Amino acid sequence: MTKQNKAFKFRLLPNKEQAVLLAKTFGCVRLVYNKMLSERQETYEKYRNDKEMLKTQKFPTPAKYKDEFPFLKEVDSLALANAQINLQKAYKNFFEGRSEFPKFKSRKHKQSYTTNRVNGNIELQDGHIKLPKLKLVKIKQHREIPADYKLKSCTISKTKSGKYYISILTEYEKDIKPVSIKKVVGLDFAMDGLYVESEQGEKANYPRFYRQSLDKLAKEQRILSRRKKGSARWEKQRLKVAELQEKTANQRKNFLHHKSKELASNYDAVIIEDLDMKGMSQALHFGKSVHDNGWGMFTTFLSYKLKEQGKQLVKIDKWFPSTKKCSCCGAEKPMKLSERTYRCSCGYMAERDYNSAINIKNEGIRLLALS
């Protein structure tokens with residue numbers, strides 16, 4: 001039996017007093033994070049050419065700032081401690097070359113904080129959740145958390161439209177045994193339909209929610225641009241724009257969850273290409289289409305859904321010539337982006353993306369056999 005983690009996200013419905021305390025906590029977490037980052041930045045600039053000295057430097061904890069800023073004592077101390085942990089992770093990722101130097105947080109960024117369960121300070125109780133400092137907060141719990149799942153931590157966030165959400169991280173024990181791979185499918189990324197699968201050449205038929213909302217969004221944004229920033233009418237219109245963007249994001253997320261669950265239920269292994277979506281959107285000027293599809297989010301959902309069942313997500317090299325290769329005879333030929341049908345000298349003819357999906361599947365099966 002191995003320990004597994006799973007998060008459950010619910011809508012949080014705080015009263016006015018709790019909303020004020022949440023706003024204070026978001027602000028305090030941001031303040032502490034920025035203060036610690038500022039000191040780390042100064043140290044880094046001072047010793048950037050002496051890595052040994054840099055490693056031995058001791059950095060401040062949130063407790064250091066409580067005398068200077070007494071209002072920090074009003075909020076959850078675990079939330080401030082997690083801000084320090086998050087900064088340490090960001091700093092470590094920078095030094096190990098996985099990310100850029102940490103950036104300062106602003107009010108425009110996502111407002112959130114994380115707190116941990118210690119001595120029963122977080123509990124679910126009949127449509128409410130008990131949280132540190134906030135006491136009982138109303139929660140819209142649309143699904144039950146199994147009784148054998150242990151609550152580990154909670155992340156409270158506020159969206160641009162003013163809605164509050166809580167993500168409850170749980171821990172449980174499960175013996176996940178690898179399944180014998182019998183059914184395999186290859187997916188080729190498609191700009192106009194998310195993907196084309198290798199079995200029947202069917203597309204995911206992604207509805208392109210962002211494109212559908214563009215006209216309405218543009219209209220609401222034009223109205224917002226004419227409002228005086230900071231006024232009551234500007235705030236009311238800002239919420240309209242935020243709610244429209246949020247609706248599009250939720251529609252996309254819901255569609256991707258359903259599609260990934262369908263694939264994870266029907267196949268033992270899913271093969272995809274390890275694509276650089278950011279580079280693709282910039283190089284080919286397909287930014288809106290690429291981001292609308294949400295391919296990165298889709299592969300994340302697919303990965304954990306397969307893993308939970310002992311199944312596999314296999315990523316093949318992005319330089320693998322899936323488009324140029326004939327899935328029938330294996331011959332390769334150059335293909336222009338405008339060519340939508342693959343025609344081989346051996347007589348094989350197929351839709352371009354379908355041919356690519358078959359090649360991706362075959363390469364994935366080869367890699368699975370080697371492993």
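If you're wondering where the values come from, they're calculated on a predicted model, not measured in any experiment.
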Taking the ring of Tyr195 and the ring of Phe298, is the distance between their centroids below 6.0 Å?
yes

Ring of Tyr165, cation from Lys163 - is the NZ or CZ under 6.0 Å from the centre and inside 45° of the axis?
no

Between Ser157 and Lys110, what is the shortest heavy-atom contact and its length?
CB-CE, 3.8 Å

Can you see whether Glu173 engages Gln4 through a side-chain donor-acceptor pair at a distance of less than 3.5 angstrom?
no

How close do Ile145 and Phe10 get, counting heavy atoms only, and between which atoms?
CD1-CE1, 4.0 Å

When you measure from the side chain of Gln237 to the backbone N and O of Glu220, does any donor-acceptor pair fall under 3.5 Å?
yes

side-chain hydrogen bond (donor to acceptor under 3.5 Å, both in side chains) evaluation trace for Thr155 with Thr114:
CA-CA 4 Å; Thr155 299; Thr114 301; 2.9 Å; yes

Is the count of non-hydrogen atoms from other residues, nucleotides or ligands lying under 6.0 Å from Glu96 atom CD greater than 12?
yes

If you look only at distance, which donor and acceptor atoms sit under 3.5 Å apart when one is on a side chain in residues 68-75 and the other is two or more places apart or in another chain?
from, atom 1, to, atom 2, distance (Å)
Glu74, OE1, Lys24, NZ, 3.1

Side-chain donor or acceptor of Tyr113 paired with backbone N/O of Asp76 under 3.5 Å:
no

Common cluster, Tyr172/Phe8, ILVMFWY with side-chain heavy-atom separation under 4.5 Å
yes

For Lys361, all residues meeting salt bridge (charged side-chain N to carboxylate O under 4.0 Å, His left out), sequence neighbours excluded:
Glu199

In one Ile/Leu/Val/Met/Phe/Trp/Tyr side-chain cluster, 4.5 Å: Leu302, Met297:
yes

Name of the residue among Ile360, Leu313, Val314 meeting side chain to side chain contact (heavy atoms under 4.5 Å, CB included) with Ile272:
Leu313

Supply the atom-to-atom distance Leu239 CG to Leu224 CG, rounded to the nearest 0.5 angstrom.
10.0 Å

Any side-chain heavy atom of Arg117 within less than 4.5 Å of one from Lys152?
no

Nearest heavy-atom neighbours spanning Tyr354 and Gln200
CE1-C, 4.0 Å

With heavy-atom distances below 4.5 Å as the criterion, would you say the side chains of Glu202 and Val196 are in contact?
no

Is any side-chain N of the basic residue among Glu308 and Lys305 closer than 4.0 Å to the acidic one's carboxylate O?
no

Please say whether the positively charged group of Arg40, taken as NZ for Lys or CZ for Arg, lies over the ring of Tyr91, i.e. under 6.0 angstrom from the six-membered ring centre and within 45 degrees of the axis.
yes

Please tell me if the side chains of Lys174 and Lys3 come closer than 4.5 Å, counting only heavy atoms from C-beta onward.
no

Does Gln312 reach the main-chain N or O of Lys307 with its side chain, forming a donor-acceptor pair under 3.5 Å?
no

Are the side chain of Lys311 and the backbone N or O of Val179 linked by a donor-acceptor pair below 3.5 Å?
no

Main-chain N/O of Asn116 paired with Asn121 side-chain donor or acceptor, under 3.5 Å
yes

Smallest heavy-atom separation, Thr341 atom then Met349 atom, equals CG2-CG, 3.7 Å

Rounded at 0.5 Å granularity, tell me how far CG in Asn250 sits from CG in Asn254.
8.5 Å

Within 45° of the axis and under 6.0 Å from the centre of the six-membered ring of Phe209, does NZ or CZ of Lys253 qualify?
no

Looking only at heavy atoms, what is the nearest atom pair of Tyr267 and Glu197, with distance?
OH-OE1, 4.4 Å

Between His128 and Val137, is any pair of side-chain heavy atoms under 4.5 Å apart?
no

Between Asn34 and Lys105, is any pair of side-chain heavy atoms under 4.5 Å apart?
yes

Transitively linked via ILVMFWY side-chain contacts under 4.5 Å: Tyr304 with Trp295?
yes

So how far is it from Arg208 CZ to Arg252 CZ, rounded to the nearest 0.5 Å?
12.0 Å

Distance, nearest 0.5 Å, that separates NZ of Lys261 from CG of Leu306
13.5 Å

Cut-off 3.5 Å, side chains only: do His109 and Lys103 have a donor facing an acceptor?
no

CG of Asp148: more than 12 outside heavy atoms within 6.0 angstrom?
yes

Going by heavy atoms in the side chains, are Ile316 and Asp274 under 4.5 Å from each other?
no

With a 4.5 Å cut-off on side-chain heavy-atom distances among I, L, V, M, F, W and Y, is there a chain of contacts connecting Met36 to Phe104?
yes

Cut-off 3.5 Å, side chains only: do Asn355 and Ser327 have a donor facing an acceptor?
yes

Kindly indicate whether the side chain of Pro132, heavy atoms from C-beta on, has any atom under 4.5 Å from the side chain of Ile122.
yes

Taking CD in Gln125 as the centre, count heavy atoms belonging to other residues, nucleotides or ligands within less than 6.0 Å. Is the count above 12?
yes

If you apply the rule side-chain hydrogen bond (donor to acceptor under 3.5 Å, both in side chains), what do you find for Gln84 with Thr61, and how did you get there?
CA-CA 7 Å; Gln84 182 187 5; Thr61 63; 5.5 Å; no

Is there a donor-acceptor pair closer than 3.5 Å between any side-chain N or O of Glu339 and the backbone N or O of Lys336?
yes

Counting heavy atoms not belonging to Lys66, are there more than 12 under 6.0 Å from its NZ?
yes

Exam field: side chain Thr170 to backbone Lys6, donor-acceptor pair closer than 3.5 Å
yes

Got a salt bridge between Lys240 and Glu243, using NZ or NE/NH1/NH2 to carboxylate O under 4.0 Å?
no

Examine distances only and state if a side-chain atom of Lys160 and a backbone atom of Lys108 form a donor-acceptor pair shorter than 3.5 Å.
yes

Under a single-linkage definition using a 4.5 Å side-chain heavy-atom cutoff for Ile, Leu, Val, Met, Phe, Trp and Tyr, are Leu12 and Val20 assigned to the same hydrophobic cluster?
no

Answer yes or no: is there a donor N or O on one side and an acceptor on the other, between the side chain of Gln18 and the main chain of Leu136, under 3.5 Å?
yes

Between CG on residue Asp353 and CG on residue Leu187, distance to nearest 0.5 Å
11.5 Å

Identify which one of Gln141, Lys140, Lys138 satisfies the side chain to side chain contact (heavy atoms under 4.5 Å, CB included) criterion when paired with Arg11.
Lys140

Taking the side chain as everything from C-beta on, heavy atoms only, tell me whether Asn359 gets closer than 4.5 Å to Asp188.
no

Answer yes or no: does atom CZ of Arg340 have more than 12 heavy-atom neighbours from other residues, nucleotides or ligands under 6.0 Å?
yes

